[in-house]
Structure formats: C-alpha cells, structure tokens
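Computed from a prediction, not measured in an experiment: that's the story for all the values here. For the single chain, residues carry numbers from 1 onward in sequence order.
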Amino acid sequence: MGNSLTQPVISGVRYFLAHTPNLVRYGSKPFREISKDPSVNDQITAHLRTYSDASSYPPNQAFLGSLYPDDLWNIERPWFQVDGKAQRSHPHGEIMPEEELYGILKISDSFDLVWLEEDFTRKIRKILEKHPFIHRADLEKLGHGQPYSAIEAQVTGEGKSLPLFLNKERMVGCINRAHEQDPALSPSVLLENLVCKSTATMALRTLLSDLEIDPSSVEYVVNCGEEAVGERYQRGGGNLAKAIGEMCWLSNSTGSDVKAFCCAPTHALLMAGSLISSGVFKKVIVVGGCSLAKLGMKFQGHMNNHQPILEDVLAAVAINVEA
C-alpha cells in the first residue's frame, strides 16, 4: 500500500520588530530591580537607545533580512557602535517605532484596558493612517483618547495602572487592570498579553500581504508565544491564536496555543506539519508574538560595561505551512 501522506511545505516567513525602550522598565528583571530600588529606573533611562540606533543595529537588520547572518562576522564590533543606515522596511518585515506600537496596542485591546492621551491619539491616528497594514476598522478601534488628567488619576489611584511613556518620562497613556483581586488580570500581565497579540498580528498581516494569501484560505493557527493569557480559573489557558487570527480576518480558521519555553516554535511547526501531512488541514500558520518579560533581561551587564541596553526590541514571527 503506497504512502498517501501529504508533504508539508514552509512557503513563507515574515517577521516584525518594535523598538520599545520605554517598556524596558516592565521587563521581568528590570521591574523587579526597580521595585527594590526606584533609582534603577533612572539608570535604565540613561542607557536607552534611540530608534535610529536600534534600526541601524546590524543584528536587527540581519533578523529582518537586509543582511545575511554571516555578514555580521565582517562588521567591526561592538555592533552597537556601527554608524549604519537607519532603515525601517526590510525584505522580511519592519521595525516599528514605539509610539506607533502604542497605537497598535489600543487597536488590539477589546476591553478598554489601554488608555492613550487624546492629543497623542490624534497624532498616532495621522501616522497609522499611512501604514499599509492598518485599515479603517483599526482606526475606529483607536478611538479619540482620554484626557491626561484621567490617565494620571488611573496611574496614581488605587487601581495602580501602569503608565506608558515616550521620550523617557513623557506619559502618553496607561494600561489598567481588568479585575481588582485577580493577579492574572493585573496591568503588568495584561501588558505582556497585549504586546504579544499586537506584534504577532503585525507579523501575520505582513505575511498575508507579501505572500498574497487569501485570509479565508487559512484553516488553523498555532501560536507559540510565551505569554500566559487567562484569569484566575484558567491562568495560562487562554487562546491568543484565535485572537490573532481575528485581528487578521481569518474568518475560516480556528487555532490554539502551544507552550514549551523557547523551543515552542519547533513544537508548533511539528504540529502544523502533522496537520498538513495527515490531511486534516491544507493551510496552517504558525505565529509567535514577543516576550515582554525578556526586555532588559541583561540590563545590568550592559550598564556595567558602559553599553546601551540592547534588549529593547519586541520580536514576532509568522510562518505559512501548506500542502
């Protein structure tokens, strides 16, 4: 009897980076150290990179396809001192400035958790209107923003909302808690969840556009991000795969999340290939959003060696697997 299994093929991969220096303070290690000694935040702020520095950083350009990884051997180190060309768009994706990612966070927020200041919202609306992957329905979700006084009250009040900053100390918004007693719905956890959803959405929208994939042809999504989406009864049992698919108009798709620390993408690809090979589905997409918790993970080593904090970008990937 002949082998009737279908051979799965990876037909395209796209990435997304967001430069988020002002979110470094909410990475797991910086957040813990700042809670012990608030002056650490000033030290971190003094070591943040500009968008130009991050977008010209050779490893970021290699990740997005403008350099081959082996080309890095021929570039003088330390790479953060290279006076390269600041570049946003690359063959495999873009590196987005922080202020625009805040807008994507709000667009991805279905529960009014993210509040952006009204003047900032107007500015971001004008910028995002020009982005090829942002649509009219997205801009409607952006809304009109909140008064600065309302955001300030959320941050300083009993709710303990997390402030969102630009240019080191300019507060332009906040993220609120979703439940007073549920630690799984605290602002810090919800921020992790939303940035994972937002970055994966942008990677997937890039993939769909560049490969000219009909969203309705995608049948299943596997998310391999490291976030723990849930609430007190589910903890990490939430499903970002379907939420990301909804953001990308995958109207005929279902999906699920797979967790396996840093090797989750390998397991997700095994699952996707198996679903194709067995004939269950013909097109499966693997997505992986960023890990906010790992921002600034080695910040102390960078600062002790008089370097900028290099763990200041959020990365995401989208992979098309088909028969």
Do the side chains of E219 and K283 get close enough for a salt bridge, i.e. N-O under 4.0 angstrom? no
For the pair F120 and Y102, name the ring-plane relationship: parallel under 30°, tilted 30 to 60°, perpendicular over 60°. perpendicular
Side-chain contact test, heavy atoms from C-beta onward, threshold under 4.5 Å: evaluate it for P265 versus V317 and give yes or no. no
Treating Ile, Leu, Val, Met, Phe, Trp and Tyr as nodes and any side-chain heavy-atom pair under 4.5 angstrom as an edge, say whether L208 and I244 lie in one connected cluster. yes
Test your reading of the model: is there a side-chain donor-acceptor pair from T45 to the backbone of N41, 3.5 Å cut-off? yes
Determine whether V13 and H92 make a side-chain contact, defined as any pair of heavy atoms from C-beta on separated by less than 4.5 Å. no
Give every residue pair that meets the salt bridge (charged side-chain N to carboxylate O under 4.0 Å, His left out) criterion with at least one member in residues 13-29, sequence neighbours excluded. R14-D210, R25-E169, K29-E33
Indicate, with yes or no, if M247 and L139 share a hydrophobic cluster defined by side-chain heavy-atom contacts under 4.5 Å among Ile, Leu, Val, Met, Phe, Trp and Tyr. yes
Evaluation steps, side-chain contact (heavy atoms from CB on, under 4.5 Å), between L64 and I95: CA-CA 8 Å; L64 294 172; I95 177 167; 4.0 Å; yes
Kindly write out the residues that satisfy side-chain contact (heavy atoms from CB on, under 4.5 Å) with A62, not counting sequence neighbours, or none if the list is empty. L67, L72
May I ask you to test the S188-L162 pair for a side-chain heavy-atom distance under 4.5 Å? yes
Would you say the side-chain atoms of E322 pair up with the backbone N or O of S11, donor to acceptor, closer than 3.5 Å? no
Can K197 and E227 be said to form a side-chain contact (heavy atoms from CB on, under 4.5 Å), step by step? CA-CA 9 Å; K197 177 183 177 182; E227 77 303 319; over 6 Å; no
Same cluster for L292 and L194 if Ile/Leu/Val/Met/Phe/Trp/Tyr side chains link at under 4.5 Å? yes
Grouping I, L, V, M, F, W and Y whenever their side-chain heavy atoms are under 4.5 Å apart, do L23 and L116 come out in a common cluster? yes
Spell out, as yes or no, whether a donor-acceptor pair under 3.5 Å connects the side chain of Q61 to the backbone of S55. yes
What residues form a side-chain contact (heavy atoms from CB on, under 4.5 Å) with Q81, not counting sequence neighbours? P78
Test side-chain contact (heavy atoms from CB on, under 4.5 Å) applied to A46 - qualifying residues, sequence neighbours left out: none
Passes salt bridge (charged side-chain N to carboxylate O under 4.0 Å, His left out), K123 versus E100? Steps please. CA-CA 10 Å; K123 175 186 175 182; E100 294 180 39; over 6 Å; no
What pair of heavy atoms forms the shortest contact from A203 to Y15, and how long is it? CB-C, 4.3 Å
Closest heavy-atom pair, V258 versus A264, reported as atoms and distance to 0.1 Å, is O-CB, 3.9 Å
In the single-linkage hydrophobic clustering (I, L, V, M, F, W, Y; side-chain heavy atoms under 4.5 Å), do L240 and V218 co-cluster? yes
When you measure from the side chain of K282 to the backbone N and O of A323, does any donor-acceptor pair fall under 3.5 Å? no
Could you give me the CA-CA distance, side-chain angles and deciding distance for S28 and R32, then say whether side-chain hydrogen bond (donor to acceptor under 3.5 Å, both in side chains) is met? CA-CA 6 Å; S28 179; R32 295 197 308 270; 2.7 Å; yes
For D112, is there an ion pair with K141 - N to carboxylate O distance below 4.0 angstrom? no
Mark yes or no for whether N239, through its side chain, and G255, through its backbone, hold a donor-acceptor pair below 3.5 Å. yes
Can you see which heavy atom on G225 is nearest to which on C196, and at what distance? CA-SG, 4.3 Å
Could you go step by step and tell me if S217 and N252 meet the side-chain contact (heavy atoms from CB on, under 4.5 Å) rule? CA-CA 7 Å; S217 70; N252 292 322; over 6 Å; no
Mark yes or no for whether N22, through its side chain, and K168, through its backbone, hold a donor-acceptor pair below 3.5 Å. yes
How would you list all residue pairs meeting side-chain hydrogen bond (donor to acceptor under 3.5 Å, both in side chains) that involve residues 288-315, not counting sequence neighbours? H19-D312, R49-D312, E226-K294
Taking the side chain as every heavy atom from C-beta outward, state whether L191 and V195 have any atom pair closer than 4.5 Å. yes
Could you go through L142 and T121, starting from their C-alpha distance and side-chain angles, then the distance that decides it, and tell me whether this counts as side-chain contact (heavy atoms from CB on, under 4.5 Å)? CA-CA 8 Å; L142 189 60; T121 300; 4.0 Å; yes
Check: I124 and V172 side chains under 4.5 Å, non-hydrogen atoms: no
How close do L190 and L185 get, heavy atom to heavy atom, and via which atoms? CD1-O, 3.2 Å
Give me the atom names and distance for the closest heavy-atom approach of W79 to P59. CE3-CG, 3.5 Å
Would a 4.5 Å heavy-atom cut-off, applied to side chains only, mark M202 and S198 as touching? no
Side chain to side chain, T254 and K242, heavy atoms closer than 4.5 Å: yes
Among all residues two or more places apart in sequence or in another chain, which pass the side-chain contact (heavy atoms from CB on, under 4.5 Å) test with V321? P8, I10, L269, A272, I276, I319
Under 3.5 Å, side chain of N60 to main-chain N/O of A54, donor-acceptor pair present? yes
Would you say the side chain of L207 lies within less than 4.5 Å of the side chain of V287, judging by non-hydrogen atoms? no
Closest heavy-atom pair and its distance - Q181, H179: N-ND1, 3.1 Å
